[in-house]
Amino acid sequence: MSNSSLIARLPLIAGLLVLVLLPSFAGTFAVTLMNYIGIYALVALGLVLLTGIGGLTSFGQASFVGVGAYSTAWLTTAYGLSPWAGLVLALVLTGVAALVIGTVTLRLGGHFLPLSTIAWGISIYFLFGNMDSLGRFGGLSGVPPITLGPISFATNGAMYVLIWITVCISALLCWNLLRSREGRAIRSLRGGRIMSESFGINTFRIRLYTFVIAALLAGLSGWLYAHMSRFVSPAPFDVRASIDYLFMAISGGSGYLAGAIVGSAFTSVAKNFLQDVLPSITSNAGPFETVIFSVIFILLLQYARTGIVASVQRWLPRRALPMPAEAEEMPRRVMPEPGSLMLEVDKVVKRFGGLVAVNEVDFTVRTGEIVALIGPNGAGKSTMFNLISGVLGPTEGRVRFLGQDITSYGPRRIASLGLSRTFQHVKLRPTMSLIDNVMLGAYRRTSSGFLAGALRLNQAEERRARHEAMRQLRRCGLGDNPHELAGNLALGQQRILEIARALAADPALLLLDEPAAGLRRLEKKALADLLRSLRGEGVTILLVEHDMEFVMDLVDRIVVMEFGSKLTEGLPADVRADKRVQDAYLGGTA
Amino acid sequence: MTALLEVNDLHVGYGKVEAVRGVSMSIQPGQIVTVIGPNGAGKTTMLSALMGLLPSRGTIRYEGQDLQRLDVEERVQRKLCLVPEKRELFGEMSVADNLLLGAYSRRYKSSDFQERLAAVYEQFPRLAERRRQQANTLSGGERQMLALGRALMSQPRLLLLDEPSLGLAPLIVREIFQIIASLRKAGVSILLVEQNARAALETADYGYVLETGEIAHHGPAQELLQDPRLMTAYLGGAA
Amino acid sequence: MTAEIALILGVDGIATGAIYVLVALGIVLIFSVTRVVFVPFGDLAAFTALTLAALQSGQLPGTVWLVAVVAGLTLLAEAARLVRSGRARKIPSFAAVYFVLPMIPVLLCIALAQTDMPMAIEVILAVLLVLPLGPLLNRLAFRPIADAPVLVLLIVAVALHFALAGLGLIFFGPEGFRTEPLSDAIYEIGGTVVSAQAMLVVLASVVFMGLLYLFFEFTHTGKALRATAVNRVGARLMGIRPTVTGDVAFLLASLLAGVAGVLIGPITSIYYDSGFLFGLKAFVGAIIGGLVSYPITALGALFVGLLESYASFWNSAFKEVVIFSFLIPVLLWRSISAASHEEEEEEE
């Protein structure tokens, strides 16, 4: 291990050491506090995945904790069943509840989920408080301790072990998950639906699963809570508690798993401090505590949204990651016969209100060709791209790809047929590394799921995907520093990275939207060489480009658009000589 | 004569990438000045910075006053007006309401407002016909007219036009450029960003060619129009 | 349930629903102009009711201190911001509008609280006192992060609710209050008794909806608010300041909250934290309208009132659960209808 990676790992090693040694020197109070911190950290861990990484949020996490706690308390007290049966019920109920809430809200705008979770939180609170079998507002007492064979987790010290083992395992699973195929999909969510769906990611499913995972972690926390405190009542599960959890996740650093633990520790210690200090200042300590916490939270969101871990991280060296190892090649698609019909655009019309953006455009692309779509700004080229890739649906006309009518298909389905694209306005995840960005492109060629990712059963596939991503980075000239963050590249390089990502999907047809924009002369030449070699491999390319010099020497055919209609199409030399094309570019009409 | 707008060493960046690097230019009162150049040269970025929509470094003096200290709304108050590339109309509001809001910064008396409105309707009879229609039901050409008309409601002193010909048919482009030329007679100065280089230079007094964020050439519009380098910049190689 | 009871419950439901309509409209108004999902809306309504209750019992309402504290903090925060951006010269004009103006009803209240006033004056004073809270909270909590994602604004809004609830407890105490009814009269209409109070509620709600419509349709400021909601960049280019239209939206919403508070005060006991549930039920109405459409929102809120009335007859302990569970089919319907035209939304 190199020096810098040792320093980078220092906080983790120190943290684990403290965890192991703490019970031997700390008093009961500290152990109890640590137990609460661990229980909170589990919930916050889910929120880090959901809010910090996935860009969604929930004000109902405390209710999931409550469902977990009440499930096990009810089973163990009313039926005398084992706490382990309680754990199963706790996880099933929280999972199902999250599934239902997620299914009805996650297709809607981002604020519908949190609003619904507020309603869910209140409903659950009143449900707990009014059900006779749950002891109404008095709650359920006499919850038995957890036992495992001869071991009983009745004391705080024993619970400490159980809680922190659970926290460490959960954190490890989340860590693995984030470094897997589905984890990358979660991390891509903030880049927007269009981007993720263009690699074949079902964003709805990913969000739903992320929400369920967060709920399950909360349910697990509730189970531990019930058996630690041996008593449950509705009070700790109201919406205010949910806000506290959110505060923990965000104050710790909502983009980092460690932030969950740091944030819960910070919040718990601060609350303890306030509860010690406030009563000596005012007789109204309770509401003052609420006010102070809420105000700190608002200030945090206003001025330090990245949290504690992020500000510490800045001072630590980045861990030097090794270059990806060689691995078996991934299987490649069999390209269609050269010269066969690949893409057929048939009298396509797109209207936005009264504006006709694309008007009865026809053209075809054959296998093994490079075709350029050119025309002045606003001619409708990018709209055409969006119509082909399924981001927009045409008002009239049909689009056929590889013999299938894809007119009504969404981007995910079209991507899975073998179409990859880049975007005019670069859509990358700036906080993910180059190689992770490119591996997103290979999403559809891999298959391991959430569980496989969390348990690292995906390693063979991961190695192949990483190798493939590395291969694409190298051929695009970005192979030197695969762990660099995408956001640190110059704009032109980011466009090239998008091409590498598109290639990782092993496409039959590649749509490139202004690939040469922002490149220097030599880089343009390298790009042209790359595209030629791709053609040699049988990849078909349709590109929008403004740099005529780049286009003229490279492409087989040119389609010219103007005012939403097709002006002409033909060989580069003919198109260049066409007076109408010159006028379209320089403007001959005024 | 002092310049209406004097830009000196303007830099505009997005994060680590600088899109405009050290641009200097000036506009005299009553002039039409055009900025042409390929896509991605930084034209729109430059206009956004002049309007205050993006932060920038360098000096921008307008009527002798330092604009860097003023925000967008204060620049609008000083009769600086941008018609952006995306038009930014109020899509779910009527044409008449769009025009009404165009006059928002001026606080006209009712009679002055009616006079102004009549003048705009006279210049764009199509808008008068469609005054009750929602803006997002208009065609591309009509949208551009509404964007121009809305800008004119505030009686701007300097009009910044971003690609007014974008996506419009030749007949409408011609109409738009005629209107631009007529505005000069009404005493409005114009900074015209265009990719339709020929039309822009034929209308303008002076031109700047922007390439990768820097001024590559500049000169009187008529001279630039004869410059063979321009053809090369647009069509690549010898055409 | 007999037809007679159903009718009585219906009248009750419409009266409560009419109040929810006011709150829901305010929520949609703020959201469309500022993108803030203003969760503490109900708190403002509850504070108005508590203020009125205090005035009616001849006490100085805690709102006085609340407004003074919030106005003072806003002045400090904004002054610091102005100094930092080199615009210190604007401090006096800001102070005049955002500190001196809100302090007028505060001082009036301090002077008049112990005297015997006609009810109309008490009502006006209570509404005036709460009125500045909306714009002040906007400046204090949301203005510094006006460009943040909706999600962050929402989290701030929820945190703000808890701050307000805490302050409410400090300034109003834990007891519940009910204000005197605006009118005691009772009429018999079509076989059922209808209180003048209920009729007044419906009337007030209709009047304010009408005023809102006129404001948006016929005034410059109203149109500027709509313009900001439709296209923020476009509005800025016309010289319309989103911060100012945001304040106006909050001011209007405060007014709606104040009126709602005055109307609900006599119907049910109001506690310092009653506003949360009250606001969230109106939210259900707003969500039915997709946080966009005013007419559907109004219908939705009315429906929530009716649902609540019947649900509380069936089982009052579970009425909240019933109302919020109703969200599930609503959201399901919304997401199915959203799926069919989402491609248009993605257009840049």
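Source: prediction; values computed, not measured. In what follows, every chain begins at residue 1, and chains take the letters A, B, ... in the order their sequences are listed.
- Taking chain A as the reference chain and counting heavy-atom pairs below 4.5 Å, the highest number among C:Ile287, C:Val150, C:Val284, C:Val39 is found for C:Ile287.
- Ranked by heavy-atom pairs under 4.5 Å with chain C, the list A:Thr290, A:Ile122, A:Asn284 is led by A:Ile122.
- Within residues 303-310 of chain C, no residue has any heavy atom under 4.5 Å from a heavy atom of chain A.
- Interface residue A:Phe59: only side-chain heavy atoms are found under 4.5 Å from chain C.
- Using a 4.5 Å heavy-atom cutoff, the side chains of A:Ile250 and C:Ile155 are in contact.
- C:His161 NE2 to A:Ile243 CD1: the interatomic distance, rounded to the nearest 0.5 Å, is 9.0 Å.
- Within the 4.5 Å cutoff, side-chain heavy atoms of C:Leu331 are placed close to those of A:Ser116.
- For C:Phe276, the part lying near chain A is the side chain, with the backbone staying farther off; criterion is any non-hydrogen pair under 4.5 Å.
- Closest heavy-atom contact between A:Gln302 and C:Ala141: NE2-O, 2.6 Å.
- Only the side chain of C:Ile145 comes within less than 4.5 Å of a heavy atom in chain A; its backbone stays farther off.
- C:Leu160 touches chain A through backbone and side chain together, each having a heavy atom under 4.5 Å away.
- Proximity to chain C involves both the backbone and the side chain of A:Leu301, based on heavy atoms less than 4.5 angstrom apart.
- Interface remark: C:Ile170 contributes backbone and side-chain atoms alike to the contact with chain A (heavy atom separation under 4.5 Å).
- Tested against A:Pro114 for a side-chain contact (heavy atoms from CB on, under 4.5 Å), the candidates C:Val158, C:Val37, C:Leu154 yield a single pass: C:Leu154.
- Within the 4.5 angstrom heavy-atom criterion, atoms from both the backbone and the side chain of C:Phe162 approach chain A.
- Contact of A:Ile118 with chain C is made through the side chain alone, with heavy-atom distances under 4.5 Å.
- Only the side chain of A:Val100 comes within less than 4.5 Å of a heavy atom in chain C; its backbone stays farther off.
- Looking only at side-chain heavy atoms (C-beta outward), C:Leu277 and A:Phe126 come within less than 4.5 Å of each other.
- Of all heavy-atom pairs spanning A:Gly55 and C:Leu151, the tightest one is O-CD2, 3.3 Å.
- Minimum heavy-atom separation, A:Ser294 to C:Ala163: OG-N, 3.3 Å.
- Contacts between A:Tyr303 and chain C at a heavy-atom distance below 4.5 Å involve the side chain alone, from C-beta outward.
- The two residues A:Ile298 and C:Ala159 come nearest to each other via the heavy atoms CG1-CB, 3.8 Å.
- Looking only at heavy-atom pairs under 4.5 Å with chain A, the residue among C:Val322, C:Ile323, C:Leu280, C:Leu327 that has the most is C:Leu280.
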Q: Starting from the C-alpha separation in whole Å, work towards a yes-or-no answer on side chain to side chain contact (heavy atoms under 4.5 Å, CB included) for A:Ile124 and C:Phe324.
A: CA-CA 10 Å; A:Ile124 281 291; C:Phe324 292 125; over 6 Å; no
